[in-house]
Number of protein chains: 2
Amino acid sequence: MEIKVLRNVLDANDLIAAQNRRDFDAGGCRVVNMMSAPGSGKTTILERTLRGLTGRLRVGVIEGDVRGTLDADRLAAFGVPVVQINTDPHFGGECHLDARMIRNALAGFPLDELDLVLIENIGNLVCPAAFRVGEDRKVMVSSVAEGDDKPLKYPLMFRVSDLLLLNKIDLLGHVDFDPDRFRANLARVNPSLPVIELSARTGAGCDRWLDWLAGAVAER
Amino acid sequence: MEIKVLRNVLDANDLIAAQNRRDFDAGGCRVVNMMSAPGSGKTTILERTLRGLTGRLRVGVIEGDVRGTLDADRLAAFGVPVVQINTDPHFGGECHLDARMIRNALAGFPLDELDLVLIENIGNLVCPAAFRVGEDRKVMVSSVAEGDDKPLKYPLMFRVSDLLLLNKIDLLGHVDFDPDRFRANLARVNPSLPVIELSARTGAGCDRWLDWLAGAVAER
C-alpha cells in the first residue's frame, strides 16, 4: 500500500516536471539539477561557476534550502537572477525539491533571457534522487571528505546522475579516502558515470566542469 | 491537508516509539540515536566508541542504511550485537529511521544483556530529526568539512539534539571553517546545545565523548 501511494506521488510529480520541461524548452534554456550531501561544496562550486561563465553564458539559479537565504545571498552577489525556495513549512522542512516547488519558483523568472538554469537541491543523498523537476541533466557532487564508500550506501543518487563532481581533492592525503576504492565502488553501481575531479576551493579542475556545462548548453 | 497527513504519520510514529521506550526500560538499557549528514564520520566514531567502552559498558548497535551492510560489518568486528536495517524497499530508500523500523529490529536483540544501544541513523540532516524512535538521547555529528553554516541551514536537527559532536577537527586549517562563526550560528538556533570537539581519526577529544556516554548510562 505504502509503495503504491509513493508511486502516485512520483507520477504526479512527473506530470508537473513535464510542464516545467516545456517551459524551459520554450524559453530556450538548459537546466541542471545539482544534488549532494550537506556541506559537499555545491554553493562554492556555483560561485566558481558563475564567475567562470560570466560573458560566456547567461545563467540563472534556483536555490533550495530548508531555511534561510544564505546561499542565495552568496550567489546573488554575482548579479544573476536567483530565486530561493525554502521547504520549511512542512515538518522539519521537506528534504528534497519537487517539480511543483520549481514550478512555483518559475513565476517571474526570466527563462527567455537565460541559456542555463542551475538548480541547487537540498543537501541530501536520498530523496532528491527520486524527484524529477524537469531538468536536462542531474549532476551530483561528492566530497572526498565524505569517504570512498558512498556509492554503495546511496546507490540511487549515483545511478540517476549524468555527471559526478568529486570535490575537495585538495584534502586528499588529509582524509581517509582511497581514490581507487572509490572508483571500484562507483563501478559497482554505475560504471558509465563520468567523473570530474576538482577543488572549488583552489579552482583545480574547475575548467573541465565549465566546459562540460558549455557543452550541455551547446547540445541544444 | 498535506501537513495534517504528515502530522498523523508523526503521531502514529510516536505511539510506536513509546512502545520501544518501554521495552528499552524493561531491558534496563539506555538508547542513543546518532544522526548526521552522510560522511560526517558516525561509523568511525562508533568504532572508537566500541573499542573505548570494552569492559566498561555492554553495548549493542542498530545500524541504519539505505542499502548494504558495510557499516554493520565494520562494527560487528568488535564482537557486539549488531542489527542492520536497510530502508531500501521504498522508492530510492527511506531517508530516515522511524520507530516501526526500530521495533522490527528489536526482535531477537538482547536488550536485557545490554547497558547501551547506539542507533546509527541514515545520513541525512532533515527527516531523521522529526522521527522519534524511543531513544533517551539524540546526538548529532557535524564535521568541520561540512562548513560553519550548517546550524542555519538545518535548524531542526540542531534544535532537537542533546549533544553535538563536532568531528574531524584534525582538518581545521585545511577547510574553510571558522569555529567562532560556527559557535555564533549555533547560538542562533540552539544556544544551550553542548558541544564536544573531537577527531575520530586521531582520537583527540574522544575520551570526553566516552565519559558523556557513561554519564548518560549512569543517570538511569
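Lettering of chains follows the sequences in order, A, B, ..., and the numbering in each one begins at 1.
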Residue pairs passing the salt bridge (charged side-chain N to carboxylate O under 4.0 Å, His left out) test where at least one lies in residues 156-166 of chain A, sequence neighbours excluded: none

Test item: Val133(A) and Arg103(A) side chains (from C-beta on) under 4.5 Å apart, heavy atoms: no

Those residues of residues 168-186 of chain B, ordered by number, that approach chain A below 4.5 Å (heavy atom to heavy atom): Lys168(B), Asp170(B), Leu171(B), Gly173(B), His174(B), Val175(B), Asp176(B)

Salt-bridge present (Lys138(A), Glu135(A); N to O < 4.0 Å): yes

Leading residue by heavy atom contact count with chain B [cutoff under 4.5 Å; candidates Ser143(A), Gly123(A), Gly41(A), Ser142(A)]: Gly123(A)

Ala145(B) portion near chain A, given a 4.5 angstrom heavy-atom threshold: both

Thr44(B)-Arg74(B) side chain donor-acceptor pair, cut-off 3.5 Å: yes

Winner by heavy-atom pair count (cut-off under 4.5 Å) against chain A, out of Pro38(B), Pro155(B), Ala37(B): Pro38(B)

Least distance between heavy atoms, Asn167(B) atom then Ser40(B) atom: ND2-O, 2.9 Å

Heavy-atom contact with chain B under 4.5 Å, split by part of Lys153(A): both

Donor-acceptor pair between Asn190(B) and Ser192(B) side chains, under 3.5 angstrom: yes

Distance-only donor-acceptor check, side chains Ser36(A) and Lys42(A), under 3.5 Å: yes

Contacting region of Leu70(A) [heavy-atom separation from chain B under 4.5 Å]: side chain

Engaged part of Asp65(B) at the chain A interface, taking heavy atoms whose separation is under 4.5 Å: side chain

Segment of Arg67(B) engaging chain A (4.5 angstrom heavy-atom cut-off): both

Charged N-O contact under 4.0 Å between Arg132(B) and Asp98(B): no

Arg51(B) atom CZ, over 12 foreign heavy atoms within 6.0 Å: yes

Which atoms of Asn124(A) approach chain B - backbone, side chain, both or neither, heavy atom under 4.5 Å: side chain

CZ/Arg48(A): more than 12 non-hydrogen atoms of other groups inside 6.0 Å: yes

